[in-house]
Amino acid sequence: MTLDRPEFRPDPDLSHEEMEALQRDIADAAEFEDDLPFDPEAVALNSPVEADASGNERLGASSDAPVVVGVDQAFLEERAVSAIVAIQDGAVVERVHSVTPLSIPYIPGLLAFREGGPILAAFEELSVEPDLAIFDGSGRIHFRQAGIATHIGVMLDLPSIGVAKRLLCGEPAEPVADRPAGWSTPILADASVVDRRETTEKRAGSETTREQGVEAPEGTVIGHAYQSRQWDREQSINPLYISPGHRVSASTTVDLVDSLCAGYKLPEPTRLADRHADDAKAQYE
DNA sequence: GCGACAG
DNA sequence: ATCTTGTCGC
């Protein structure tokens, strides 16, 4: 794939201030409304996608159906194994991975600067053209509304979605415990969420222009908690926290993830990428 | 200072 | 994320 916005590359050598400034630029460039090159109904799955451990993929993509890729990573000490699995018409059409060094530690809010480069390296190995990417982590559910799903989505100008297992920020509109499969509730921006880059701070004499953000309006929906699966009795499964990455609205994000789930907690693209990352990792240890 | 914090 | 045993349920 070609980088639509190479200037937004998540350089791990930037200072934290520069990283946050870049994220505000990413949020400015992000589109949190539907701009999909396909009909959302066209990605629906009827059953789990066959993993096919032998590595065989359906050949010759003689289809117009949208290609959805799942992105996930596994780690070996100071290296990241980034995996991408592409599905189309309910079948795997390509699987790639890359192994790259990691340069900075995980810092909440700055995940893209640790894992973004490695993920872009994996995208360089991909030969099919994706129509939608599902990332392991947040998109708009982020302090500056620029989580890794948004960051990579904007760089590639690719519709993207963030699927996280835990909530980074924001507040669920309703309690999320013990909900039935299919249930969802909005995640509302809280005081930790900045809405857009804002400046102007004029003082007598000096005019300081800061690159800060203003608090997001209360009630801003930055994503949803979505119960993709639930047990019938005792134990309870936690919901997924899904959010728009780029070129998808919050509500469509819920519909798409719902369509891409096939009986497991994680949507199929993510589940397959998860397994592929683990398989690839095993070859390096 | 305290708490919260994707992977 | 990663390290792991036990356990639930189809």
Side-chain angles (χ1 to χ4, degrees), chain A residues 10 12 16 19-20 23 26-27 30 47-48 70-84 97 99-120 122 133-153 160-172 176 178 181 187-194 222-226 229-246 253 257 262-267 270-271 273-282 284-285:
Chain A
H16 285 198
M19 290 180 179
E20 294 182 2
Q23 291 183 323
I26 290 287
S47 55
V71 183
D72 191 36
Q73 296 172 302
F75 301 88
L76 306 290
E77 292 166 24
E78 294 299 283
R79 287 182 300 169
V81 177
S82 308
I84 301 180
H97 79 270
V99 181
T100 54
L102 289 166
S103 38
I104 61 171
Y106 162 66
I107 298 167
L110 300 179
L111 178 66
F113 291 88
R114 170 178 167 80
E115 305 181 354
I119 286 174
L120 290 170
I134 311 295
F135 291 90
D136 194 27
S138 291
R140 193 180 184 180
I141 293 179
H142 179 272
F143 308 123
R144 290 164 290 283
Q145 302 186 59
I148 195 163
T150 299
H151 201 132
I152 304 300
S160 62
I161 289 173
V163 175
K165 300 173 202 68
R166 304 179 61 166
L167 188 60
L168 175 62
C169 61
E171 188 68 27
V176 305
D178 307 312
I187 296 300
L188 308 172
D190 59 20
S192 74
V193 181
V194 156
I222 56 177
H224 290 80
Y226 169 66
R229 183 184 183 181
Q230 190 54 281
W231 297 120
D232 297 320
R233 301 167 178 164
E234 199 58 32
Q235 321 284 314
S236 189
I237 294 175
N238 295 141
L240 250 24
Y241 295 95
I242 65 184
S243 56
H246 182 47
T253 292
V257 172
Y264 294 88
K265 172 169 180 172
L266 297 174
T270 303
R271 190 175 68 81
D274 194 80
R275 202 167 81 66
H276 189 233
D278 286 341
D279 290 347
K281 171 184 174 176
Y284 297 88
E285 57 182 7

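By convention in this document, chain letters (A, B, ...) are assigned in the order of the sequence lines, proteins followed by strands, and residues within each chain are numbered from 1.
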For [X] and [Y], work out which heavy atoms get closest and say how close.
X	Y	result
A/Gly170	A/Asp190	N-OD2, 3.0 Å
A/Gln145	A/Val194	NE2-O, 2.9 Å
A/Ser138	A/Leu168	OG-CB, 4.2 Å
A/Ser82	A/Gln73	OG-NE2, 2.9 Å

Separation of [N] [atom2] from [X] [atom1] (nearest whole Å):
X	N	atom1	atom2	value
A/Gln235	C/dG6	CD	P	17 Å
A/Phe135	C/dA1	CZ	P	16 Å
A/Tyr264	C/dG9	OH	P	18 Å
A/Glu77	C/dC3	CD	P	11 Å
A/Leu102	C/dT2	CG	P	11 Å

Pairwise 5' ranking along DNA chain C for A/Lys281 and A/Asp232, keeping only the more 5' one: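 The residue closer to the strand's 5' end, by nearest nucleotide, is A/Lys281.
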Donor-acceptor contact below 3.5 Å, side chain A/Ser160 vs main chain A/Ala149: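 Looks like yes, one N/O pair under 3.5 Å.
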Verdict with supporting geometry, A/Ile148 and A/Glu115, side chain to side chain contact (heavy atoms under 4.5 Å, CB included): CA-CA 8 Å; A/Ile148 195 163; A/Glu115 305 181 354; 4.0 Å; yes
Summary of protein contacts for nucleotides 2-7 of chain B, nucleotide by nucleotide, where a base hit scores B, a sugar-phosphate-only hit scores S (4.0 Å, heavy atoms): ---BBB
